[in-house]
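Please read the structure below before turning to the comments.
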Amino acid sequence: MSEGRQEVIYLEVDGLRRRYVLYRPHAVVTSGQLAPLVIMLDGRGGTPWTAMKITRWNDTADRHGFVVVYPEATRVDPKGPLHFLTNPQMWNAGAGGSDTERPEVDDLTFLRSMVDHVVLHARIDRTRIYLTGFSNGAAMTYRFALAFPETLAAIAPVAGHLRQYDQVLAAPVPMLALFGRLDPLSPYEGGPVDLPWGVREVRPPAPASVHAWAALNGHDPAEGRITTEPGLSRLAYGEPGARDEVVFITIDDLGHVWPGGHRLLPEPLVGPTSDRLDANAAIWTFFQRHQR
């Protein structure tokens, strides 16, 4: 059970009152030293509090001494009550996904403003700011990294896709991506899928985003190194700790669920959970290798 300091903080961005939840472990609060920052973006229908529950990032932060922030997305109908199916919160992650039915909201400016605010409020080491996200939050992770690569030491999208294939990355951004092979909402091999909010969408193959990010970091997508172990496969580019490092881990028995985390939605909808890989441990190990 995490025992640090948790705050809900509000910001005015583009005329909207936005908020994020900041978690600081007790040891970080009392030390007064600059700490790393992990930003966690939940998926469609999620909130900062569901993100905390499915990932347990607060507990990982307690063990390793970093700050976690959970920004909140906006609802399709800002005036209506939050509902996972009919009025979900979601990130404006760009064209190419069903969440583009949402009103235009500048989430890039919100997240960039939030980063600056957190750095001043919580004594953050600007050279160790990391961004991770799940599903729609993973797509937003890609979009933010493309727009502001100079702010991030590394990213870790989980169960989501890059949508802006025609972009240029101004500076390399190391990435660890995770995906479940049994994901029913975003089929690993790609193809059409009927989503629970009543739309059909064609999803790309899971490795496509990784190949594209490897190319943006200067690699030949065909030259990745593949290693396997029971139930897992890894595709890697670059050397560990290098600015162009890109790693993709496939979990064979995982659905559309945070690896090693808590499943909030029913298994017939999102597929099976799996403890084969602890996403937090894998992501934090990767993040620790990288400092901007």
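Worth saying up front: this structure is predicted, and the values here are computed from it rather than measured.
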**Message:** Using 0.5 Å steps for rounding, measure from the OG1 atom of Thr109 to the CG atom of Leu16.
**Reply:** 11.0 Å
**Message:** With clusters defined by side-chain heavy atoms of hydrophobic residues (ILVMFWY) lying less than 4.5 Å apart, directly or transitively, does Val168 cluster with Tyr165?
**Reply:** no
**Prompt:** Looking only at heavy atoms, what is the nearest atom pair of Asp62 and Gly4, with distance?
**Reply:** OD1-N, 4.5 Å
**Asked** When hydrophobic residues are tied together by side-chain contacts of less than 4.5 Å, even through go-betweens, does Leu265 share a cluster with Trp258?
**Response** yes
**Item:** Residues His117, Tyr20; criterion side-chain hydrogen bond (donor to acceptor under 3.5 Å, both in side chains); working and verdict
**Value:** CA-CA 10 Å; His117 196 261; Tyr20 65 90; 2.7 Å; yes
**Request:** Give, for atom NE2 of His211 and atom CG of Leu216, the distance between the pair rounded to the nearest 0.5 Å.
**Result:** 13.0 Å
**Asked** Does one side chain, of Ser186 or His256, offer a donor that lies under 3.5 Å from an acceptor on the other?
**Response** no
**Request:** Quick one: closest heavy-atom pair of Ala138 and Pro157, and the distance?
**Result:** CB-CB, 3.7 Å
**Asked** Who pairs with Arg56 by side chain to side chain contact (heavy atoms under 4.5 Å, CB included), at least two apart in sequence or on another chain?
**Response** Asp59, His262
**Prompt:** Taking atom CD of Glu229 as the centre, does the number of heavy atoms from other residues, nucleotides or ligands within less than 6.0 Å exceed 12?
**Reply:** yes
**Asked** From Phe248 CZ over to Ser233 OG, what is the distance, rounded to the nearest 0.5 angstrom?
**Response** 7.0 Å
**Request:** State, to 0.1 Å, how close Ala93 and Asn136 come at their nearest heavy-atom pair, and which atoms those are.
**Result:** CB-ND2, 3.9 Å
**Note, Ile283 side chain near Val158 side chain (heavy atom, < 4.5 Å)** = yes
**Message:** Please evaluate residues Ile251 and Leu232 with respect to the criterion side-chain contact (heavy atoms from CB on, under 4.5 Å), reporting the C-alpha separation (whole Å), side-chain torsions for both, the decisive distance (0.1 Å), and the verdict.
**Reply:** CA-CA 5 Å; Ile251 303 102; Leu232 295 176; 3.6 Å; yes
**Fill in**
Applying ring pair (Phe, Tyr, Trp, His ring centres under 6.0 Å) to Phe148 and not counting sequence neighbours gives Phe144
**Asked** What about the rings of Trp213 and Tyr142, do their centers lie closer together than 6.0 Å?
**Response** yes
**Item:** Single-linkage hydrophobic cluster, 4.5 Å side-chain cutoff, Leu182 and Val270 together
**Value:** no
**Prompt:** Side chains of Gln89 and Thr74: closer than 4.5 Å at any heavy-atom pair?
**Reply:** no
**Asked** salt bridge (Lys or Arg N to Asp or Glu O under 4.0 Å): which pairs involve residues 4-17, sequence neighbours left out?
**Response** Glu7-Arg24
**Message:** Salt bridge check, Arg18 against Glu72: does any charged N sit closer than 4.0 Å to a carboxylate O?
**Reply:** no
**Message:** Working note: Tyr188 + Asp252, criterion side-chain hydrogen bond (donor to acceptor under 3.5 Å, both in side chains); need CA distance, chi angles, decisive distance, verdict.
**Reply:** CA-CA 10 Å; Tyr188 188 85; Asp252 290 345; over 6 Å; no
**Note, His219 side chain near Asn217 side chain (heavy atom, < 4.5 Å)** = yes
**Complete:** Residues Leu178 and Pro259: closest non-hydrogen pair is CD1-CG, 4.1 Å
**Prompt:** Do Thr151 and Ile129 come within less than 4.5 Å of each other through their side chains, counting heavy atoms only?
**Reply:** no
**Request:** Establish, from distance only, whether the side-chain atoms of Trp91 and Asp42 form a donor-acceptor pair under 3.5 Å.
**Result:** no
**Prompt:** What distance do Tyr70 atom OH and Trp49 atom CH2 have between them, rounded to the nearest 0.5 Å?
**Reply:** 11.5 Å
**Request:** Please name the pair of heavy atoms, one in Asp253 and one in Pro272, separated by the smallest distance, quoted to 0.1 Å.
**Result:** O-CG, 3.4 Å
**Message:** With rounding to the nearest 0.5 angstrom, report the CG to CG distance, Leu34 to Asp125.
**Reply:** 5.5 Å
**Message:** Is there a side-chain contact between Arg126 and Val119 in this structure, where contact means two heavy atoms from C-beta onward sitting under 4.5 Å apart?
**Reply:** yes
**Prompt:** Do the rings of His64 and Phe66 sit parallel, tilted or perpendicular, given the 30° and 60° boundaries?
**Reply:** parallel
**Request:** Mind listing the closest non-hydrogen atom pair of Pro71 and Met40 along with its distance?
**Result:** CD-O, 3.2 Å
